Structures are given as C-alpha cells and as structure tokens.
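Remember, predicted model here, so these are calculated numbers, not experimental data.
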Amino acid sequence: MSTIEETKDVVQRTSYDTYSGAEELDVIDELVADDFVMHDPFALVGEEVRGRDGLKEHIEVARTTFPDFEYTIHHLIAADDIVAVHFTGRGTNEEAPPGLDVEPTGEVVEFEGMEFDRIEDGKLAETWLLTDALGFLEQLGALPDEE
C-alpha cells in the first residue's frame, strides 16, 4: 500500500503535470494501470477513456487544442486509495476540439472541475471527472445562440 503522499504524487504527476507538459507522457507507462478507465461525461475524445494509450490520446488532444494548458489545484486530499481534487483548468484555444463544430477562438478558456481517483498497487487505476462543461462550451462558442 502506498503512503498518502505517494498516492497524491501519482495523481499530481499523471492527471495534472502531463497535461501542462511538466511531466512527459512516458510517466503514464510507469504510474497508470494497464486497465485504467476515466469516467468523463465530457471527454475530448468523445467516449470513455480506457487504458494507458487512451489516456495518452486524451492528453495529446488537450495539449494540441490548448497548447499552454495549465491547472491550478485548489484542494488535493487523499484517504486510503482515493484522491479528491478540486481544480481550475485554463488554456488558449488554438485548435478546434474534436467533435465540436467550432473554430478556434484564440482566447483563454477557463473551467472548474472536481476529480476522484482510485489508486491500486501504487498506480492510477480509475478516475471520475466532473467539469463545468456548459461554461467550457459557452466560452468556445459551441452553444446555439439564444433567440
């Protein structure tokens, strides 16, 4: 069993530092379980993220869509094998997000979210993610105009 600090470090490195580029994607091979699953109702790749390769794809899409993407972690709390995170994500929209029929805005998009991660044998095994998808879509101009 990992210590609380080791558990928090796994989440920090895999779920946050990889998106900003502070950590290279090969850390996923080291710290993410083979059968990893991310439950994200608003996944940029359009479906549930599964496995190490699925997570790498998700991160690459985010890095391409928002090349200067970064997170501010407001709370990172761990108990046993669960880590809870409250965060704000932000980045400049340089590419059209997959599955959305919008042009890149060139503007900074910012959204809040919460995440729960399960660690198994020292590796990230499962993530439940909930973000302000409505606010995100509104900033991208992906919502229909009100009439």
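At least one donor-acceptor pair under 3.5 Å links the side chain of Asn93 to the backbone N or O of Glu95. A donor-acceptor pair is defined here as one N or O able to donate and one able to accept, closer than 3.5 Å; such a pair exists between the side chain of Arg63 and the backbone of Thr18.
At a threshold of 4.5 Å between side-chain heavy atoms, the hydrophobic network of Ile, Leu, Val, Met, Phe, Trp and Tyr places Ile119 and Phe116 in two separate groups. Residue Met114 is not grouped with residue Tyr16 when hydrophobic side chains (ILVMFWY) are merged at heavy-atom distances under 4.5 angstrom, including chains of intermediate members. The cluster map of Ile, Leu, Val, Met, Phe, Trp and Tyr, joined by side-chain heavy atoms under 4.5 Å apart, puts Val102 and Phe69 in the same cluster. By the criterion of side-chain heavy atoms lying less than 4.5 angstrom apart, applied directly or through intervening Ile, Leu, Val, Met, Phe, Trp or Tyr residues, Leu130 is not grouped with Phe111; the two fall into different hydrophobic clusters.
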Item to complete: Could you walk me through whether Glu112 and His74 pass the side-chain hydrogen bond (donor to acceptor under 3.5 Å, both in side chains) test, one step at a time?
Response: CA-CA 10 Å; Glu112 281 197 65; His74 305 292; 4.9 Å; no
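The closest side-chain donor-acceptor pair between Tyr71 and Gln12, if any, does not fall under 3.5 angstrom. In summary, the side chains of Thr105 and Gln139 do not present any donor paired with an acceptor at a separation below 3.5 Å, with no hydrogens or angles considered.
Using the six-membered ring where Trp is involved, His86 and His75 have ring planes that are parallel, under 30° apart on the 30 and 60° scheme.
Phe87 CZ to Glu115 CD: the interatomic distance, rounded to the nearest 0.5 Å, is 6.0 Å.
At most 12 heavy atoms of other shown residues, nucleotides or ligands fall within 6.0 angstrom of atom CD in Glu138. At most 12 non-hydrogen atoms from other residues, nucleotides or ligands lie less than 6.0 angstrom from CD of Glu103.
Of the charged side-chain nitrogens involved, none lies within less than 4.0 Å of a carboxylate oxygen, so that Lys8 and Glu6 do not count as a salt-bridged pair. Using a 4.0 Å cut-off between charged side-chain N and carboxylate O, Asp29 and Lys56 make a salt bridge.
When each of Thr14, Asp117, Asp40 is tested with Thr127 by the rule side chain to side chain donor-acceptor pair (under 3.5 Å), just one qualifies, namely Asp117.
The nearest pair of heavy atoms linking Gly122 to Leu31 is O-CD2, 4.3 Å.
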